[in-house]
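The structure appears below as structure tokens.
Here the structure is a predicted model, which is why all the values come from computation and not from measurement.
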2 protein chains.
Amino acid sequence: MAFPPFAVTVDLVVLTVRGDELCVLLVRRGEEPFLGRDALPGGFVRPDEGLAAAATRELAEETGLDVGHLEQLASYGDPDRDPRQRVVTVAHLALVPDQPVPTAGTDAAEARWVPVAQARDLAFDHDRVLADGVERARAKLEYTALATAFCGAEFTVAQLRRVYEVVWGRPLDPRNFHRKVTGTPGLLDPTGETTTRDGGRPAQLYRRGEAEQLHPPLLRADT
Amino acid sequence: MAFPPFAVTVDLVVLTVRGDELCVLLVRRGEEPFLGRDALPGGFVRPDEGLAAAATRELAEETGLDVGHLEQLASYGDPDRDPRQRVVTVAHLALVPDQPVPTAGTDAAEARWVPVAQARDLAFDHDRVLADGVERARAKLEYTALATAFCGAEFTVAQLRRVYEVVWGRPLDPRNFHRKVTGTPGLLDPTGETTTRDGGRPAQLYRRGEAEQLHPPLLRADT
DNA sequence: ACAAAAGTGTTAGGGGTACACCCATGG
DNA sequence: CCATGGGTGTACCCCTAACACTTTTGT
């Protein structure tokens with residue numbers, strides 16, 4: 001059977017919270033087209049692997065990061081999005097805890113964290129892919145337990161709150177936030193340990209609970 | 001450059017509300033593989049058209065339906081989802097008003113509405129695509145004005161409520177629903193006309209308003 | 001003692017649910 | 001007059017926002 005030949009790639013929007021900023025993992029392109037421009041990590045899907053498997057493999061190859069969460073974002077296939085040939089890319093969204101990019105990774109030498117506010121003029125249509133990924137992350141924090149994917153294995157309520165504040169770019173009331181997340185059954189799993197790493201009264205340490213959804217949701221203010 | 005060759009298709013989950021059931025548009029396959037089985041409508045993306053354009057074209061070719069809403073759903077690309085060759089499909093979700101399938105359409109002769117509860121054992125991985133599409137529709141009714149895409153140009157509050165009840169499979173309080181949707185600014189545009197087609201007191205007729213999002217959302221009960 | 005961060009109590013208000021009640025038409 | 005569906009009023013409840021206040025550490 002005749003069919004138009006396409007290349008299929010996966011691209012990755014890898015987000016993390018570093019300090020007070022939401023950052024995305026970018027690589028500098030070493031070849032045409034868009035040589036020298038920043039781009040999302042990604043690559044060709046192999047003939048015998050699925051889309052999710054390709055995304056997982058690329059993430060490991062290009063970054064070596066511990067991944068907290070990985071999901072399909074959307075597909076992009078404008079006929080002229082790659083000047084060389086017809087390429088359809090299946091973008092994925094990954095949320096990872098704050099960690100340095102391992103330089104030992106095979107292709108990771110050029111990977112680095114860039115604040116999303118400064119990530120512009122990316123190669124291909126990656127500006128739009130990134131914007132879609134950030135919007136997806138912002139929206140899913142409202143009604144899922146996804147924010148814990150940005151934290152390490154053990155974290156305090158304040159660290160989880162910082163994730164929300166950085167991703168949404170809006171301060172939250174610490175008291176109400178504390179009551180809300182500790183009151184949601186299955187969201188947080190107390191370890192019994194405490195920490196005082198941020199000064200002040202020691203805070204309880206928690207692990208992610210089993211809950212995936214937030215009922216009721218934690219809404220961004222409408223204003 | 002060498003790259004693994006893929007075929008790229010679009011598949012369509014076309015939903016409507018007919019009577020008391022949520023229905024999906026299916027076509028019977030006339031060739032191998034899965035000859036004689038039901039499948040979602042779809043086809044190959046052409047070399048010089050985008051993904052959304054391909055979905056729009058296929059929908060027109062295979063059904064000739066007036067489309068109320070069309071959006072990308074997700075992509076599916078397991079290596080063995082098509083026994084002939086490697087195929088990645090970009091599924092789209094379409095919501096349309098209740099209308100008969102035009103038999104004049106080119107490929108539409110075999111297209112027909114099937115209640116989603118009875119749509120099983122579809123070709124390829126279309127069972128899962130359909131399930132994902134139905135879940136997406138259910139979720140988006142909560143916080144968007146998408147339900148109006150199932151209605152004709154003019155509709156009553158009760159017809160809009162029926163959409164919610166059929167899609168969610170759960171009765172809603174007519175009084176509270178009425179207050180809620182008429183109280184959301186920009187959602188409904190009164191025509192000034194009334195109708196008595198369902199008996200009882202005449203109901204106001206409305207058109208879709210400009211609002212795309214529902215604030216506050218209309219939540220499915222947690223129970 | 002003081003600063004800083006964790007965590008609790010309390011109050012006022014918005015939106016949801018449940019349901020009593022009234023309105024307008026057909027038969 | 002009654003059945004049927006359209007539409008309004010209202011009481012209760014839960015959740016949220018706002019903020020006063022207490023607890024527990026480091027310096």
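Taking A:F124 as the reference, A:F34, A:H126 meet the ring-ring contact (aromatic ring centres under 6.0 Å, His included) condition, with sequence neighbours excluded. Here A:Y164 pairs with A:W168, A:F177 under the ring-ring contact (aromatic ring centres under 6.0 Å, His included) rule; sequence neighbours left out. Scored by the salt bridge (charged side-chain N to carboxylate O under 4.0 Å, His left out) test, A:R136 finds A:E71 as partners (sequence neighbours excluded). Taking the side chain to side chain contact (heavy atoms under 4.5 Å, CB included) definition, one finds that B:V166 meets it with B:V17, B:L22, B:R162, sequence neighbours left out. Among residues two or more places apart in sequence or in another chain, the side chain to side chain contact (heavy atoms under 4.5 Å, CB included) test is passed with B:A94 by B:V14, B:L59, B:V67, B:L70.
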Which atoms of nucleotides 4-8 of chain C (N or O only) lie under 3.5 Å from a protein N or O atom, and what are those distances?
{"from": "C:dA5", "atom 1": "N3", "to": "A:R201", "atom 2": "N", "distance (Å)": "3.4"}
{"from": "C:dA6", "atom 1": "N3", "to": "A:R201", "atom 2": "NH1", "distance (Å)": "3.1"}
{"from": "C:dG7", "atom 1": "OP1", "to": "A:Q204", "atom 2": "N", "distance (Å)": "3.0"}
{"from": "C:dG7", "atom 1": "OP2", "to": "A:H178", "atom 2": "NE2", "distance (Å)": "3.4"}
{"from": "C:dG7", "atom 1": "O5'", "to": "A:H178", "atom 2": "NE2", "distance (Å)": "3.2"}

Between protein and nucleic acid, restricted to nucleotides 12-15 of chain C and to nitrogen or oxygen atoms under 3.5 Å apart, what atom pairs and distances do you find?
none

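Remark: A:R128 does not engage A:D78 in a salt bridge, criterion side-chain N to carboxylate O under 4.0 Å.
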Identify all side-chain donor-acceptor contacts of residues 205-214 of chain A below 3.5 Å with residues at least two apart in sequence or on another chain.
{"from": "A:R207", "atom 1": "NH2", "to": "A:E154", "atom 2": "OE2", "distance (Å)": "3.3"}
{"from": "A:R208", "atom 1": "NH1", "to": "A:T148", "atom 2": "O", "distance (Å)": "2.2"}

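Note: CG (A:D173) to C1' (C:dT11) measures 14 Å, nearest angstrom.
Within residues 143-152 of chain A, no residue is approached by DNA chain C to less than 4.0 Å at the level of any non-hydrogen atom.
For residues 178-193 of chain A, every residue pair satisfying the side chain to side chain donor-acceptor pair (under 3.5 Å) rule, not counting sequence neighbours, is listed here: A:N176-A:R179.
In the helix from C:dA1-D:dT27 to C:dG27-D:dC1, the terminal helix axes, each the rotation mapping four pairs' C1' atoms onto the next four within five end pairs, subtend 10°, rounded to 10°.
When DNA chain D is scanned 5' to 3' for any atom under 4.0 Å from a heavy atom of chain B, the first and last hits are D:dT4 to D:dT10.
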